[in-house]
Amino acid sequence: MCGIFGCVLNDGNAAPIIHAALKKLEYRGYDSVGEATLHNGELCIKKDQGKIDEVHKIHNLDDLPGNLGVGHTRWATHGAPLEVNAHPHVDCSGGIAVVHNGIIENFVELKLELENHGHVFKSKTDTEVIPHLIEETLKANPSLSLTDAVLETVRKLDGSYAIAVISTKEPDKIVCARYESPLVIGVNENAVYCASDIPAFLPLTNRAVIIEDGELVVLSPEGFEIRKIADSSVVVREPKLIDWTPQMAVKQGYPHFMLKEIHEQPACLRNTLRLQEHYLDLMATFLDRAREVFLVACGTSYHACLAASYMFSKLAFLATYPVIASEFVEQHGKSVNIDSTILTVSQSGETADTLASVNCARERAATVLGLTNAIGSTLTRVSRVYIGQQSGPEIGVAATKTFTSQLSVMAQVALRLAKKRGKVSQDEMDFLAEKLDKLPDTVEAIIQTQEEKAKQIAKKYKDAKTFFFLGRGISSATAYEGRLKLMEIAYVPSIAFPAGESKHGPISLVEQGFPVVFICPKDGTRRTLIGNIMEMKARGASIIAVVEEGDEEIKKLADEYMEVPKGIPEVLSPIPYVVPLQLLAYYMAIEKGHNPDTPRNLAKSVTVK
Ligand code: AGP
């Protein structure tokens with residue numbers, strides 16, 4: 001997730017406006033920043049790696065001439081956070097500049113085709129193909145307008161994009177277009193603005209126009225014109241008045257980042273399905289060759305590893321050992337060796353315990369693989385191969401969207417490994433890949449249909465002293481994650497364990513009305529899980545079940561339930577089944593008067609051991 005901004009002023013300098021707008025978009029990404037303005041037919045660009053304030057201090061982002069320009073604050077997905085990969089990106093002539101938020105899925109083939117036509121690329125980004133495509137389109141048909149050249153270009157792009165394009169060819173215009181990545185227009189008497197998000201221009205105007213998927217917008221001193229990308233037809237849409245405060249606007253109207261990020265999961269899961277095949281295959285290859293595989297992480301990332309161990313075992317018949325990072329050195333420090341592979345998972349890529357495990361493994365010549373949300377983080381520098389999960393910055397301390405994205409990446413790697421090992425048929429591969437593709441819509445449906453129920457359950461149980469979270473098989477990972485969410489943001493002491501463990505001790509805690517959350521997908525564990533529900537009910541427990549919709553048998557046994565759409569394969573079930581638990585934890589925190597974004601005693605990234 002990155003932030004883009006552009007403005008056409010009737011008078012005055014665009015650069016300071018762009019700089020201020022990018023500061024408002026900084027929460028969308030902050031590893032590099034850049035601006036481009038047009039002045040006297042010249043393109044003037046300043047960009048570098050680093051946070052906005054750092055880059056401004058070195059380059060003075062306000063000191064660019066011209067009343068028209070674009071800007072970008074980056075969260076790296078393709079290409080490390082380096083000056084060369086910072087936006088704006090330009091064509092060979094240096095006359096076209098583009099800023100982009102999204103992921104171009106077919107950039108490799110487009111880049112090859114453009115290189116064969118003599119184009120020279122500087123960066124490792126997917127974005128850079130866009131200015132060169134526009135240039136190639138205009139070379140083939142010089143009479144085209146910039147607008148028509150951009151129309152032809154975006155019709156060739158697969159993936160998600162919100163772009164803003166400026167060119168010395170038509171120095172009074174900005175041409176924007178969007179598909180899946182957000183784009184809004186702001187209007188006042190002195191200027192017209194385009195941005196990823198309303199906060200960018202809210203201090204300048206509260207008159208906004210939301211641009212829909214498949215639309216292109218031309219900004220000029222006369223205002224804005226919206227076209228449909230498909231057929232260039234003009235769309236008429238009036239600005240609406242935005243009544244958000246700037247604080248609300250940064251959360252896109254949500255009361256907290258955590259709720260915004262829970263709701264962002266469908267979009268993040270779509271982006272996670274746009275990973276570069278090459279890195280998924282490479283990771284699968286390393287895992288295939290390994291003599292032993294450890295999955296090492298902390299907290300929520302560890303729960304993703306726990307779920308992944310079931311995926312690798314059930315799909316690829318690969319035994320993997322999930323290990324809590326703070327225990328890795330003690331437990332395996334002596335045995336890990338050149339034949340070991342450790343796949344470390346860290347949203348921040350900076351967790352001290354996880355990095356300590358990596359250092360130990362590297363000292364003993366083991367192979368280190370990484371999965372992270374932060375390109376350019378330490379983990380990406382110490383991993384032999386890493387995958388960036390492309391979830392965009394997660395501001396809430398509690399991991400939500402990054403957890404489901406981690407699971408999606410692991411499922412994709414496990415599927416490739418299974419295929420490489422000949423453990424699944426092509427039909428099974430196609431079936432699971434299709435189900436994985438449908439998960440963003442499934443999660444969207446759960447949020448839409450179960451949020452109200454989660455709110456009600458939180459209200460009903462807000463005074464409960466303790467919760468159990470129980471599941472069997474891969475759902476035990478979901479149970480651990482649901483428990484962590486409730487503990488860390490609602491401060492409710494909770495206990496999670498595989499449901500089969502109840503009679504080995506924990507069931508002694510159960511008394512009348514004791515809330516027990518069961519995760520109950522219709523998988524191979526269902527029959528025994530029903531037995532576990534019965535044993536809890538027999539002791540007076542209050543059953544809260546996350547069930548497959550229409551599962552009347554379990555719904556009858558439950559005091560409360562939340563439903564998940566049918567047909568979720570067992571190995572993918574933690575992704576949808578965790579969402580009701582995220583919502584339950586969020587609304588429990590609200591019920592208890594806590595701020596879910598800033599839970600006490602916790603930090604977003606634990607960089608100390
Ligand atoms: C999860 O909600 C917590 N914020 C915490 O457990 C977190 O998952 C853990 O600290 C690991 O962080 P990482 O993924 O950045 O390494």
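Whatever order the structure lists ligands and atoms in, that order sets their numbers, starting from 1. One is the number of the first residue; the rest follow in order along the sequence. None of the values given here were measured: they were computed from a predicted structure.
Here the heavy atom of the protein found nearest to atom 2 (O) of ligand 1 is Glu488 OE2, 2.4 Å. Atom 6 (O) of ligand 1 has its closest protein heavy atom at Gly299 CA, 3.2 Å. Among protein heavy atoms, atom 14 (O) of ligand 1 sits closest to Ser301 OG, 2.5 Å. In this structure, atom 12 (O) of ligand 1 lies nearest to the protein heavy atom Thr351 OG1, 3.5 Å. The protein atom (non-hydrogen) at minimum distance from atom 10 (O) of ligand 1 is Val606 CG2, 4.0 Å. Considering only non-hydrogen protein atoms, atom 7 (C) of ligand 1 sits nearest to Thr300 N, 4.1 Å. Nearest protein heavy-atom neighbour of atom 9 (C) of ligand 1: Cys298 O, 3.9 Å.
Counting heavy atoms only, Val397 comes closest to atom 4 (N) of ligand 1 of the residues Leu602, Val397, Ile489, Leu355.
Ligand 1 has an N or O atom lying under 3.5 Å from an N or O atom of Ala399, backbone or side chain. For Thr354, no nitrogen or oxygen atom sits less than 3.5 Å from a nitrogen or oxygen atom of ligand 1, counting backbone and side chain alike. Not one N or O of Gln406 is nearer than 3.5 Å to an N or O of ligand 1, by distance alone.
Contact between Pro599 and Glu488 at its shortest, heavy atoms only, is CB-O, 3.0 Å. Annotation for Asn271 and Ser160: closest pair OD1-OG, 3.5 Å, computed over non-hydrogen atoms. In terms of heavy atoms, Thr341 sits closest to Ala290 at OG1-CB, 3.2 Å. Between Val329 and Ala356, the shortest heavy-atom contact is CG2-O, 4.1 Å.
In the vicinity of Lys485, heavy-atom distances shorter than 4.0 Å reach the ligand 1 atoms 1 (C), 2 (O).
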Exercise. What do the steps show when you test Tyr480 against Phe469 for ring-ring contact (aromatic ring centres under 6.0 Å, His included), and what is the final call?
Worked result: CA-CA 7 Å; Tyr480 282 115; Phe469 285 82; over 10 Å; no

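The neighbour count for Lys24 NZ, taken as heavy atoms of other residues, nucleotides or ligands under 6.0 Å away, does not exceed 12. Annotation: Tyr491, atom OH; neighbour count of heavy atoms from other residues, nucleotides and ligands within 6.0 Å is above 12. Dense packing is recorded around NZ of Lys522, with more than 12 heavy atoms of other residues, nucleotides or ligands lying under 6.0 Å away. For Lys314, the NZ atom counts as loosely surrounded, since its 6.0 Å shell holds 12 or fewer non-hydrogen atoms of other residues, nucleotides or ligands.
Contact annotation for Glu350 and ligand 1: no heavy atom of the residue comes within less than 4.0 Å of the ligand.
Taking a 4.0 Å cut-off on heavy atoms, Ala398 registers as neighbouring ligand 1.
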